[in-house]
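Structure first, then comments.
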There are 2 protein chains.
Amino acid sequence: MNEQLHIENQLCFRLYKLNKSITKLYAPLLKEAGLTYPQYLVMLVLWQDEKAKTIKDIGAILELDSGTLSPLLKRMEKLDLIKRTRSTLDERSVAIELTAHGKEIKNKAKFIPAKLFMLTGLTKVELTQLQQDLDELLSNTNQHLK
Amino acid sequence: MNEQLHIENQLCFRLYKLNKSITKLYAPLLKEAGLTYPQYLVMLVLWQDEKAKTIKDIGAILELDSGTLSPLLKRMEKLDLIKRTRSTLDERSVAIELTAHGKEIKNKAKFIPAKLFMLTGLTKVELTQLQQDLDELLSNTNQHLK
DNA sequence: CACAATTATATTGTGCACAATGTAATTGTT
DNA sequence: AACAATTACATTGTGCACAATATAATTGTG
């Protein structure tokens with residue numbers, strides 16, 4: 001049989017499973033903070049510097065379009081995590097900022113990265129190396145998109 | 001600011017983006033074969049040895065439960081890729097086998113892995129090493145799940 | 001200035017992914 | 001053999017992710 005088509009030889013399949021596996025590791029930790037994983041990513045962006053960002057800004061960082069972000073941010077507004085405001089300067093754009101509650105959650109979330117690092121079982125050196133490898137690969141693959 | 005909470009320092013975020021990026025690389029290739037990415041994974045399992053497999057078998061390999069597989073396989077049956085048959089030996093289980101059309105598609109698909117390998121820009125040695133690194137990490141993370 | 005092109009976001013529709021729950025068949029236990 | 005437990009799968013409901021399309025605001029161009 002064609003060894004190249006063997007599922008266990010596919011890089012994509014490892015990434016697919018690993019992505020799911022790690023998301024499941026986050027789930028119980030995020031649940032305490034009342035967040036889903038994509039919501040956590042948005043919060044990370046907003047916690048960065050606690051200044052309002054447009055949907056476009058967030059989309060550029062997370063590589064998500066309005067088809068994903070628009071309903072996601074609406075749900076987050078309902079959860080009192082963020083506030084959405086039409087910009088007065090440019091009526092097309094929507095500014096996203098943290099609510100008081102959204103800012104508070106950061107205190108619960110700040111221990112998550114260390115907890116997750118432990119669960120990976122990697123050393124700091126291994127983690128850094130892997131991050132570099134993945135960055136390089138991501139740079140290659142993104143080069144062929146759009 | 002807490003550097004640990006910086007989004008660009010998260011391993012999960014790289015995996016998240018990489019997974020999406022690679023899936024998008026597959027999209028145009030799979031479209032020619034009339035498959036989505038998860039459908040391609042199922043086909044890889046069935047192409048392996050062209051014998052019928054239960055939904056449970058497929059789920060064990062892909063790490064997916066019936067909530068995902070049940071509707072996915074129904075769609076695949078509608079597309080004439082597979083046939084679903086209640087087992088006579090054990091009426092609980094459903095046997096999945098390839099249709100003639102499902103077998104044919106393998107000829108279109110067999111060039112996909114090589115095409116994708118090119119798009120990654122990795123050398124064979126780098127790919128092998130990365131696969132090993134990801135396997136190790138997957139083994140660690142899965143250890144903490146269920 | 002008129003208006004074509006672009007931009008920022010929203011909406012619709014489809015397909016996963018998964019938690020929770022339901023159901024019928026099978027197996028284990030007494 | 002009776003029946004409790006388990007197993008295999010299906011269903012329901014929620015939340016992404018994305019392609020395609022729509023809409024209104026802004027910008028660019030003659």
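So you know, we letter chains A, B, ... as the sequences are listed, proteins then strands, and number each from 1. Reckoned from all heavy atoms, side chains included, excluding hydrogens, waters and symmetry mates.
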Item to check | 5'-most by nearest nucleotide on DNA chain C - Y37(B) or L73(A) | outcome: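 Nearest nucleotide further toward 5': that of L73(A).
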Tell me: [atom1] of [X] to [atom2] of [N], nearest whole Å?
{"X": "E91(B)", "N": "dC9(D)", "atom1": "CD", "atom2": "P", "answer": "12 Å"}
{"X": "D90(B)", "N": "dT27(C)", "atom1": "CG", "atom2": "C1'", "answer": "10 Å"}
{"X": "K20(B)", "N": "dG15(C)", "atom1": "NZ", "atom2": "C1'", "answer": "16 Å"}
{"X": "I58(A)", "N": "dC16(D)", "atom1": "CD1", "atom2": "P", "answer": "14 Å"}
{"X": "Y40(A)", "N": "dC16(D)", "atom1": "OH", "atom2": "P", "answer": "16 Å"}
{"X": "L64(B)", "N": "dC18(C)", "atom1": "CG", "atom2": "C1'", "answer": "10 Å"}
{"X": "R75(B)", "N": "dT11(D)", "atom1": "CZ", "atom2": "P", "answer": "13 Å"}
{"X": "N19(A)", "N": "dC16(C)", "atom1": "CG", "atom2": "C1'", "answer": "13 Å"}

Checklist entry - Counting any heavy atom closer than 4.0 Å, what does I96(B) reach on the DNA or RNA strands: base, sugar-phosphate only, or nothing? => result nothing
Checklist entry - Base, sugar-phosphate, or nothing for T54(A), non-hydrogen atoms under 4.0 angstrom? => result sugar-phosphate
Checklist entry - Is there a donor N/O on one and an acceptor N/O on the other, under 3.5 Å, for the side chain of S66(B) and the base of dA8(D)? => result no
Checklist entry - Taking N and O atoms by type only, does the side chain of R92(B) place a donor or acceptor under 3.5 Å from a partner on the base of dT7(D)? => result yes
Where the side chain of [X] is concerned, which of [options] is the nearest nucleotide?
{"X": "R84(A)", "options": "dT26(C), dT26(D), dA10(C)", "result": "dA10(C)"}
{"X": "K74(A)", "options": "dT9(C), dC18(D), dA10(C)", "result": "dA10(C)"}
{"X": "T36(B)", "options": "dC16(C), dA25(D), dA10(C)", "result": "dC16(C)"}
{"X": "T68(B)", "options": "dA10(C), dA10(D), dA17(C)", "result": "dA17(C)"}
{"X": "Y16(A)", "options": "dT26(D), dG15(C), dA17(C)", "result": "dA17(C)"}
{"X": "Q39(A)", "options": "dC16(D), dT11(C), dA8(D)", "result": "dC16(D)"}
{"X": "S93(B)", "options": "dA8(C), dA17(D), dA8(D)", "result": "dA8(D)"}

Item to check | pair K74(B)-R84(B): side-chain heavy atoms closer than 4.5 Å | outcome: yes
Next on the checklist: Pick the closest DNA chain D nucleotide for K31(B) and for L72(A) by heavy atoms, then say which residue is nearer the 5' end.
Outcome noted: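 By nearest-heavy-atom nucleotide position, the 5'-most residue is L72(A).
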Next on the checklist: Heavy-atom nearest nucleotide on DNA chain D for S70(B) versus P38(A): which residue maps closer to 5'?
Outcome noted: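 Its nearest nucleotide lies further toward 5', so the answer is S70(B).
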Checklist entry - Just by distance, with hydrogens left out, do Q129(A) and D133(A) show a side-chain donor and acceptor under 3.5 Å apart? => result yes
Next on the checklist: Whether K56(B) contacts dT7(D) is assessed here as follows: a side-chain N or O lying under 4.0 Å from the phosphate OP1 or OP2. Is that the case?
Outcome noted: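 Checking dT7(D) against K56(B), no side-chain N or O comes under 4.0 Å of OP1 or OP2.
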Next on the checklist: So, taking the atom named CG in L130(B) and the one named OG1 in T123(B), what distance separates them when rounded to the nearest 0.5 Å?
Outcome noted: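 With rounding to 0.5 Å, CG (L130(B)) is 10.5 Å from OG1 (T123(B)).
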Checklist entry - In terms of the angle between their ring planes, are Y37(A) and Y40(A) parallel, tilted or perpendicular, with boundaries placed at 30° and 60°? => result tilted
Next on the checklist: Applying a strict under-4.5 Å side-chain criterion to I, L, V, M, F, W and Y, I'd like to know whether I105(B) and F111(B) cluster together.
Outcome noted: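 Different clusters.
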Checklist entry - Does R92(B) pair with D90(B) as a salt bridge, N-O distance under 4.0 Å? => result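 Salt bridge present between R92(B) and D90(B).
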